[in-house]
Amino acid sequence: MRRPWAFICAAATTKSETLRRYCRELYELGYVPICPPLQDGQYLVLADPAERADYNEIVREKILRSALLVFCGRRSDATTAAQIGLAQKYGRIVTDLDGLRVAVEQGEALPS
């Protein structure tokens, strides 16, 4: 199975349960969901400044390796703005979850 990576961009206050729901929906749409708050927050201590810097670098790498960035939710914050800006700077597809659903329903090819 080869699926494109989809980076989940959501406000920092988004609950884990909601992030898991976004991951599931992206999986069902044919993507590998990349969600640093769920994945990397499990082993990094974000209160430690050095580990927070590592986390930010990991997020950057994951955005650059992902085919697209999917904005999930209704709230935006400084973190989501920075992630969207980085994705746009490097020519990644940026969409919201509704837009991605429509594209998949219309049979558009998945980016690789």
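We're numbering straight along the sequence, starting at 1.
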So do the side chains of [X] and [Y] get within less than 4.5 Å of each other, counting heavy atoms only?
X	Y	answer
Tyr22	Thr14	yes
Leu69	Ile84	yes
Thr95	Leu68	yes
Ser16	Leu38	yes
Leu100	Leu26	yes

Distance, nearest 0.5 Å, that separates CH2 of Trp5 from CD1 of Ile34 = 4.5 Å

Between the SG atom in Cys72 and the CD1 atom in Ile8, the distance rounded to the nearest 0.5 Å is 5.0 Å

When you look at Phe7 and Gln83, which way does the side chain to side chain contact (heavy atoms under 4.5 Å, CB included) test go after all the steps?
-> CA-CA 10 Å; Phe7 185 92; Gln83 290 174 351; 3.6 Å; yes

Considering residues at least two apart in sequence or located in another chain, which fulfil the side-chain hydrogen bond (donor to acceptor under 3.5 Å, both in side chains) criterion with [X]?
X	answer
Arg65	none
Thr80	Ser76, Asp77
Arg75	Thr13

Would a hydrophobic clustering, with Ile, Leu, Val, Met, Phe, Trp and Tyr connected at side-chain separations under 4.5 Å, put Val32 with Val70?
-> no

Transitive ILVMFWY side-chain link Tyr90 to Ile63, under 4.5 Å = yes

Per-pair distances, 0.1 Å, donor-acceptor, side chain in residues 54-61, under 3.5 Å, sequence neighbours excluded:
unit_1 : atom_1 : unit_2 : atom_2 : d
Asn56  : ND2    : Arg52  : O      : 3.4

Short side-chain to backbone donor-acceptor contact, [X] and [Y], under 3.5 Å:
X	Y	value
Ser66	Lys62	yes
Arg3	Pro33	no
Glu51	Ala47	no

Where at least one partner belongs to residues 15-36, residue pairs that pass salt bridge (charged side-chain N to carboxylate O under 4.0 Å, His left out), sequence neighbours excluded = Arg24-Glu28, Glu25-Arg101

For Gln106, what residues pass the side chain to side chain contact (heavy atoms under 4.5 Å, CB included) criterion, not counting sequence neighbours?
-> Val102, Glu108

Evaluation steps, side chain to side chain contact (heavy atoms under 4.5 Å, CB included), between Val94 and Gln88 = CA-CA 7 Å; Val94 176; Gln88 289 174 331; 3.8 Å; yes

